[in-house]
Protein chains: 2
Amino acid sequence: MKLSDGLEWALHCCTVLGSLPPDVALPAGRLAEFHAVPPAYLAKQLQALSRAGVVETAPGRRGGYRLARPATEITLLDVVVAVEGEAPAFRCTEIRQQGPSAVGPEHYVEPCGIARAMWRAETAWRDELRNVTIGDLVAELDTSVSPEQQQRAVNWVIGVLS
Amino acid sequence: MKLSDGLEWALHCCTVLGSLPPDVALPAGRLAEFHAVPPAYLAKQLQALSRAGVVETAPGRRGGYRLARPATEITLLDVVVAVEGEAPAFRCTEIRQQGPSAVGPEHYVEPCGIARAMWRAETAWRDELRNVTIGDLVAELDTSVSPEQQQRAVNWVIGVLS
DNA sequence: GTCCCTATACTCGGATAGCAAGTGTCCGAGTATAGGCGG
DNA sequence: CCGCCTATACTCGGACACTTGCTATCCGAGTATAGGGAC
């Protein structure tokens with residue numbers, strides 16, 4: 001099992017956008033520069049976030065991406081689902097209905113215990129992600145990052161937007 | 001994010017082995033036949049389970065696989081880790097240390113909030129998997145599967161082992 | 001000085017190659033068994 | 001009739017192709033802006 005690298009980038013981008021004033025839009029190229037990641041590939045992730053309604057776009061010159069809702073109303077699950085898709089990680093292919101000792105499909109109305117257990121674990125994972133918002137991450141940054149570095153980041157953003 | 005198909009097969013195989021008397025070994029080919037899956041590929045998963053110490057092998061004629069411990073002492077997490085590997089799904093590449101506004105590595109002693117949140121969710125997932133054993137699945141089968149079908153499966157195993 | 005128009009430069013968006021990991025397969029090494037042989 | 005030996009057939013184990021999806025990239029469509037010109 002593996003989560004894509006793009007997910008990490010998307011989460012960091014949302015945190016950066018959440019640290020900015022709500023009406024400021026930052027272009028994908030600048031976000032890529034800020035994290036030193038390939039611009040074209042990061043664009044792919046941002047487009048996925050846009051399709052999912054997590055961020056919204058401002059086209060044209062001086063355009064870019066900004067959060068579509070307040071940072072406190074965007075959960076990590078929203079971002080994960082936007083980038084990774086809604087499909088559950090464990091997929092039951094009903095192999096219990098195959099093989100020599102199987103019986104007719106009418107005997108398999110309930111999902112098998114294996115699938116139920118795996119899905120239960122996945123639900124716990126999703127619940128945990130749903131309980132953390134981008135706003136929480138932004139607030140956490142404020143306590144864990146030194147003031148001078150915060151100022152450094154702010155200055156860089158001001159520089160590229162002017 | 002995607003869990004391999006082989007994981008589902010491995011879980012079903014462990015459940016079947018857990019339903020058998022402890023000293024009976026079932027060859028990989030028979031397990032593949034029982035679930036109607038490619039024998040050679042299933043063998044790959046069983047080898048992974050063997051390497052992880054979840055099942056043990058009986059070589060030679062009349063050999064096969066059997067559980068290495070009582071079914072109640074094998075958790076779903078054991079099987080998942082054996083097949084999927086121990087690496088966490090989310091990997092932090094520390095992109096916060098990259099880019100124009102980054103500072104020296106000595107300022108990044110704590111993992112970033114994003115990685116901590118993702119890992120916390122993953123821990124919840126693993127905890128849930130740790131709380132379910134192969135024995136639970138076997139017991140659940142006994143209540144959800146009709147007696148005649150259970151007999152059908154037992155007869156098939158007796159048939160292929162004779 | 002103010003307003004409007006146009007050309008521009010910058011933005012996002014989807015369509016397009018490359019690569020790693022999962023998927024599927026095969027054949028060789030090793031061993032418990034079955035049968036035959038000798039005592 | 002019993003014990004031993006050998007050949008066999010079956011098992012697992014690791015090494016070898018193929019396909020899907022993640023990684024990385026590019027160019028085209030569309031728009032807010034900046035500048036220049038007219039009033």
Side-chain angles (χ1 to χ4, degrees), chain A residues 1-10 13 17 23-33 35-66 68 80 82-85 87 89-91 93 95 160-162, chain B residues 1-10 13 17 23-33 35-66 68 80 82-85 87 89-91 93 95 160-162:
Chain A
M1 191 179 52
K2 191 165 86 80
L3 270 62
S4 74
D5 292 349
L7 174 60
E8 182 190 5
W9 306 353
C13 286
L17 293 179
D23 53 346
V24 174
L26 206 54
R30 294 301 95 70
L31 281 167
E33 216 177 310
H35 296 111
V37 298
Y41 188 36
L42 177 63
K44 207 183 181 65
Q45 320 303 333
L46 291 169
Q47 284 165 29
L49 291 175
S50 172
R51 268 192 299 271
V54 173
V55 301
E56 61 185 14
T57 67
R61 200 167 167 171
R62 291 260 173 190
Y65 290 96
R66 60 175 166 254
V80 170
V83 173
E84 297 285 328
F90 181 85
R91 286 152 304 148
T93 58
I95 60 174
V160 298
L161 285 182
S162 61
Chain B
M1 189 179 53
K2 190 167 85 84
L3 269 63
S4 75
D5 292 349
L7 173 61
E8 182 189 6
W9 306 352
C13 285
L17 293 178
D23 53 346
V24 174
L26 205 54
R30 295 300 94 71
L31 280 167
E33 215 176 313
H35 296 110
V37 297
Y41 188 35
L42 178 63
K44 208 181 180 63
Q45 321 302 334
L46 291 169
Q47 284 165 29
L49 290 175
S50 172
R51 268 193 298 271
V54 173
V55 303
E56 61 186 14
T57 67
R61 199 167 169 168
R62 293 259 173 193
Y65 290 95
R66 61 175 167 256
V80 171
V83 173
E84 297 285 327
F90 183 85
R91 286 149 305 146
T93 59
I95 60 174
V160 298
L161 285 181
S162 62

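Note that the coordinates shown come from a computational prediction; the quantities given were computed from them, not determined experimentally. Letters go in sequence order (proteins before strands), and every chain restarts at 1.
Here C:dC10 presents its P atom at 13 Å from CD of A:E33, a figure rounded to the nearest Å. Counting to the nearest Å, the C1' atom of C:dG22 and the CH2 atom of B:W9 are 11 Å from each other. Protein atom CG of A:L26 is 16 Å distant from nucleotide atom P of C:dC10, rounded to whole Å. Between the CD atom of A:Q47 and the P atom of D:dT25 there is a distance of 15 Å, given to the nearest Å. Atom CG of B:L31 and atom C1' of D:dC12 are 13 Å apart (whole Å). Summarising the geometry, the separation between CG on A:L46 and P on C:dC12 is reported as 8 Å, rounded to the nearest angstrom. Atom pair B:L7:CG and C:dA21:P shows a separation of 19 Å (rounding to whole Å applied).
Of the candidate nucleotides D:dT33, D:dG14, D:dC10, D:dT33 has the atom lying nearest to any side-chain atom of A:R61. Which of C:dG13, D:dT25, D:dA32 sits closest to the side chain of A:Y65 comes down to C:dG13.
Taking NE2 of B:H35 as the start and CH2 of B:W9 as the end, the distance is 11.0 Å to the nearest 0.5 Å. Here the CD-CG distance, from B:E84 to B:L7, works out to 5.5 Å after rounding to the nearest 0.5 Å.
Applying the salt bridge (charged side-chain N to carboxylate O under 4.0 Å, His left out) rule to B:E33 yields the partners B:R30; only residues at least two apart in sequence or on another chain are considered. Taking the salt bridge (charged side-chain N to carboxylate O under 4.0 Å, His left out) definition, one finds that A:R91 meets it with B:D5, sequence neighbours left out.
For the pair B:R62 and D:dA9, the criterion of a side-chain N or O lying under 4.0 Å from OP1 or OP2 is not met.
Using a 4.0 Å heavy-atom distance criterion, A:G29 is classed as making no nucleic acid contact. Residue contacts for B:A28: at a heavy-atom cut-off of 4.0 Å it reaches the sugar-phosphate backbone alone, with no base atom in range.
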Report, one line per pair, each donor and acceptor closer than 3.5 Å where one atom sits in a side chain of residues 39-59 of chain B; sequence neighbours left out.
unit_1	atom_1	unit_2	atom_2	d
B:E56	OE2	B:R66	NE	3.1

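Residues from residues 48-59 of chain B placing a heavy atom under 4.0 Å of any atom in DNA chain D, listed by number, are B:S50, B:R51, B:T57.
The shortest non-hydrogen separation linking A:L3 to B:M1 is CD1-SD, 3.1 Å. Looking at every heavy atom in both residues, A:A25 comes nearest to A:L161 through O-CD2, 3.9 Å.
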Taking only N/O atoms, report every protein-nucleotides 16-23 of chain D pair under 3.5 Å with atom names and distance.
unit_1	atom_1	unit_2	atom_2	d
D:dT23	OP1	A:D5	N	3.3
D:dT23	OP2	A:Y41	OH	2.8
D:dT23	O5'	A:Y41	OH	3.4

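Residue B:C13 forms a side-chain contact (heavy atoms from CB on, under 4.5 Å) with just one option from B:L31, B:V37, B:L26, and that option is B:L31.
Positionally, the nearest nucleotide of DNA chain D for B:G60 lies more toward the 5' end than for the other of A:G60 and B:G60.
In this structure a side-chain-to-backbone donor-acceptor pair under 3.5 Å is missing from B:E8 to A:F90.
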